[in-house]
Asks: 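One structure coming up, written as structure tokens, with questions to follow.
All values below were derived from every heavy atom in this structure, side-chain atoms included, with hydrogens, water molecules and symmetry-related copies excluded. Nothing fancy with the numbering, it's 1 onward along the sequence.
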Amino acid sequence: MASIALVSLLALAGSASAASRVGRVCGQQPSPAAIQKAEAHFNGLLASNATHAHALATVGALVSPTIPVYFHVIRSSTSLSGGSVPQSQIDAQISVLNADYASTGLSFTLAGTDFTTNSTWFQRADDCSGQSYQTAMKKALRKGGANALNVYTVGFTRSTGDCSGLLGYSTFPSSYSGNPTDDGVVILYSSLPGGTAAPFDEGRTLTHEAGHWVGLYHTFQGGCSGSGDSVADTPAEADPAFGCPTGQDTCSSAGVDPIHNFMDYTDDSCMTEFTAGQATRLHGQMTSYRGVTF
């Protein structure tokens with residue numbers, strides 16, 4: 001199977017201090033050319049496989065598969081400020097994932113938790129200026145197959161350049177076959193429920209990044225023109241939304257900006273939904289690239 005290399009990075013505007021975090025900002029987005037190639041490959045798979053087509057047509061009647069989640073806690077010390085998050089926050093994060101994805105037909109279960117004390121990985125596994133640290137981290141720790149969600153919590157302590165205030169990044173399903181050990185999500189440890197990254201401290205960073213891991217783009221992908229996020233029922237928006245700007249409407253097409261969607265950039269408390277179209281898309285992506293049967 002051909003591999004389409006896509007990665008999504010998510011960052012916080014401003015400095016690394018919680019008080020200055022005013023919104024989510026993408027450090028990198030898939031290029032239009034990469035998206036076009038990925039979508040052509042995906043649509044070809046769907047067209048050639050009647051099973052996929054049936055799955056897409058019967059989302060509401062499908063059995064919910066359970067995704068095993070492996071949490072890899074990377075820390076610089078055994079203190080909470082050093083990234084050593086308690087099991088209670090990890091358990092709470094799994095609960096948030098299950099609540100947020102309940103309408104999509106996916107559920108999640110914690111398959112394992114491990115702790116690694118490595119200051120370099122904690123500080124530098126950011127994928128912003130070379131991949132050597134994040135690659136070594138994932139190669140050493142990743143578990144499971146294509147259907148397993150591996151989550152790495154780190155500190156993202158660099159405060160300059162593209163990694164200033166980084167919040168998280170993820171791989172896409174279509175990238176798995178070409179580089180299985182790279183697959184997974186890396187997030188700021190303090191974004192877990194009960195963390196200190198307010199207003200991003202309710203666990204929606206992982207919900208958002210897992211959205212990429214199951215095959216969803218940002219709702220503002222492509223702005224007001226083109227195919228956008230390749231989902232028909234998410235209204236187009238020109239740019240990401242920050243905070244919770246109720247009623248914002250940045251495109252002339254029907255519908256106000258989907259500020260409550262988990263794939264926008266609003267505050268955790270503002271994010272509440274995936275659409276039926278997004279559920280349909282993730283079903284096709286997970287079946288095509290991760291072998292997940294619905």
Side-chain angles (χ1 to χ4, degrees), residues 8-27 29 67 69 71 73 80-81 83 85-104 106-108 110 126 149 151-156 164-170 184-214 216-221 229 234 237 239-248 256-275 278-279 282:
S8 174
L9 278 80
L10 184 67
L12 298 166
S15 71
S17 66
S20 67
R21 287 170 179 160
V22 296
R24 307 176 194 260
V25 177
C26 222
Q29 295 186 46
I67 302 300
V69 182
F71 253 89
V73 178
L80 180 58
S81 62
V85 297
Q87 188 64 45
S88 59
Q89 284 188 311
I90 295 172
D91 294 340
Q93 180 67 80
I94 296 295
S95 295
V96 168
L97 280 179
N98 279 314
D100 291 348
Y101 280 83
S103 66
T104 73
L106 278 181
S107 62
F108 301 83
L110 185 62
D126 46 41
L149 174 58
V151 179
Y152 306 82
T153 61
V154 300
F156 294 140
S164 177
L166 187 65
L167 189 57
Y169 62 94
S170 174
V185 170
V186 184
I187 60 172
L188 183 68
Y189 77 94
S190 53
S191 70
L192 269 60
T196 58
F200 312 109
D201 56 351
E202 298 180 19
R204 269 47 190 270
T205 292
L206 183 54
T207 297
H208 177 102
E209 293 303 335
H212 294 311
W213 186 82
V214 300
L216 302 179
Y217 297 124
H218 295 131
T219 52
F220 50 86
Q221 184 70 49
D229 63 351
T234 54
E237 59 182 330
D239 299 294
F242 301 111
C244 194
T246 302
Q248 177 173 288
V256 297
D257 292 358
I259 66 166
H260 298 297
N261 197 280
F262 292 119
M263 301 312 295
D264 207 335
Y265 273 10
T266 49
D267 293 349
D268 277 19
S269 61
C270 191
M271 292 181 165
T272 60
E273 64 184 13
F274 288 113
T275 68
Q278 286 174 314
L282 75 83

Asks: With side chains defined as the heavy atoms from C-beta onward, is the minimum distance between Thr104 and Phe262 less than 4.5 Å?
Replies: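 No, side chains not in contact.
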Asks: CD1 of Ile94 to OG of Ser107: how many Å apart, nearest 0.5 Å?
Replies: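 Between atom CD1 of Ile94 and atom OG of Ser107 there are 10.5 Å.
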Asks: With under 30° as parallel and over 60° as perpendicular, where do the rings of His218 and Tyr265 fit, or are they tilted in between?
Replies: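 Answer is perpendicular, since the angle exceeds 60°.
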Asks: Parallel, tilted or perpendicular for Phe274 and Tyr101, by the 30°/60° rule?
Replies: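 It falls in the tilted class, 30° to 60°.
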Asks: How far apart are the closest heavy atoms of Pro86 and Leu80, and which atoms are they?
Replies: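 Result for this residue pair: CD-CD1, 3.9 Å.
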Asks: Quick one: which of Ile187, Thr205, Val151 gives a side chain to side chain contact (heavy atoms under 4.5 Å, CB included) with Leu192?
Replies: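 Per the side chain to side chain contact (heavy atoms under 4.5 Å, CB included) rule, the option paired with Leu192 is Ile187, out of Ile187, Thr205, Val151.
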Asks: Side-chain contact test, heavy atoms from C-beta onward, threshold under 4.5 Å: evaluate it for Gln278 versus Asn261 and give yes or no.
Replies: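 The answer is yes; the side chains approach within 4.5 Å.
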Asks: So which atom in Ser103 and which in Ala279 form the shortest heavy-atom distance, rounded to 0.1 Å?
Replies: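 Closest pair (atom of Ser103, atom of Ala279, distance): O-CB, 4.3 Å.
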Asks: Got Asp268 and Pro199 here, is their nearest side-chain heavy-atom distance under 4.5 Å?
Replies: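 Counting from C-beta outward, Asp268 and Pro199 never come under 4.5 Å.
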Asks: Working to the nearest 0.5 angstrom, can you tell me the gap between Thr275 OG1 and Asp229 CG?
Replies: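 Answer for the OG1-CG pair, Thr275 versus Asp229, is 7.5 Å.
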Asks: Could you go through the side-chain contact (heavy atoms from CB on, under 4.5 Å) check for Phe156 and Val186 one step at a time?
Replies: CA-CA 10 Å; Phe156 294 140; Val186 184; 3.7 Å; yes
Asks: Hey, are the side chains of Asp267 and Cys244 touching, using non-hydrogen atoms and a 4.5 Å cut-off?
Replies: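 No - every pair of side-chain heavy atoms lies 4.5 Å or more apart.
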Asks: Quick one: pull up OG1 in Thr207 and CZ in Phe108 and give me the separation to the nearest 0.5 Å.
Replies: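 Taking OG1 in Thr207 and CZ in Phe108, the distance rounds to 8.0 Å.
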Asks: Between Ser191 and Leu167, what is the shortest heavy-atom contact and its length?
Replies: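 Closest approach of Ser191 to Leu167, heavy atoms only: CB-CD1, 4.1 Å.
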Asks: What's the shortest heavy-atom distance between Asp201 and Ala198, and which atoms?
Replies: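 Looking at all heavy atoms of both residues, the shortest contact is OD2-CB, 3.5 Å.
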Asks: Are any non-hydrogen side-chain atoms of Phe71 and Thr153 less than 4.5 angstrom apart?
Replies: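 In contact.
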Asks: Indicate yes or no: at least one non-hydrogen side-chain atom of Leu188 is less than 4.5 angstrom from one of Phe200.
Replies: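 Side-chain contact under 4.5 Å: no.
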Asks: Working to the nearest 0.5 Å, report the span between CD of Gln93 and CD of Glu202.
Replies: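 It comes to 11.0 Å.
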Asks: Indicate yes or no: at least one non-hydrogen side-chain atom of Leu110 is less than 4.5 angstrom from one of Gln87.
Replies: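 A side-chain contact exists here, since the closest heavy-atom pair is under 4.5 Å.
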Asks: What are the two closest heavy atoms between Ala241 and Ile259, and how far apart are they?
Replies: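 Here Ala241 and Ile259 meet closest at CB-CG2, 3.8 Å.
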Asks: Does the separation of the ring centres of His212 and Tyr169 fall below 6.0 angstrom?
Replies: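 Ring centroids of His212 and Tyr169 are no less than 6.0 Å from each other.
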Asks: Give me the atom names and distance for the closest heavy-atom approach of Tyr189 to Val85.
Replies: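 What the structure gives for the nearest pair is CD1-CG1, 3.7 Å.
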Asks: When rounded to the nearest 0.5 angstrom, what distance separates CG in Leu216 from CD in Glu209?
Replies: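 The distance works out to 11.5 Å.
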Asks: Testing Thr266, Thr219, Thr272 for side chain to side chain contact (heavy atoms under 4.5 Å, CB included) with His260, which one passes?
Replies: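 Of all the options given, the one that passes is Thr272.
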Asks: Are the side chains of Asp264 and Pro240 in contact, using a 4.5 Å heavy-atom criterion?
Replies: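 In short, these two side chains touch, coming nearer than 4.5 Å.
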Asks: Enter the distance from Phe242:CZ to Cys270:SG here, rounded to the nearest 0.5 Å.
Replies: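 Taking CZ in Phe242 and SG in Cys270, the distance rounds to 12.5 Å.
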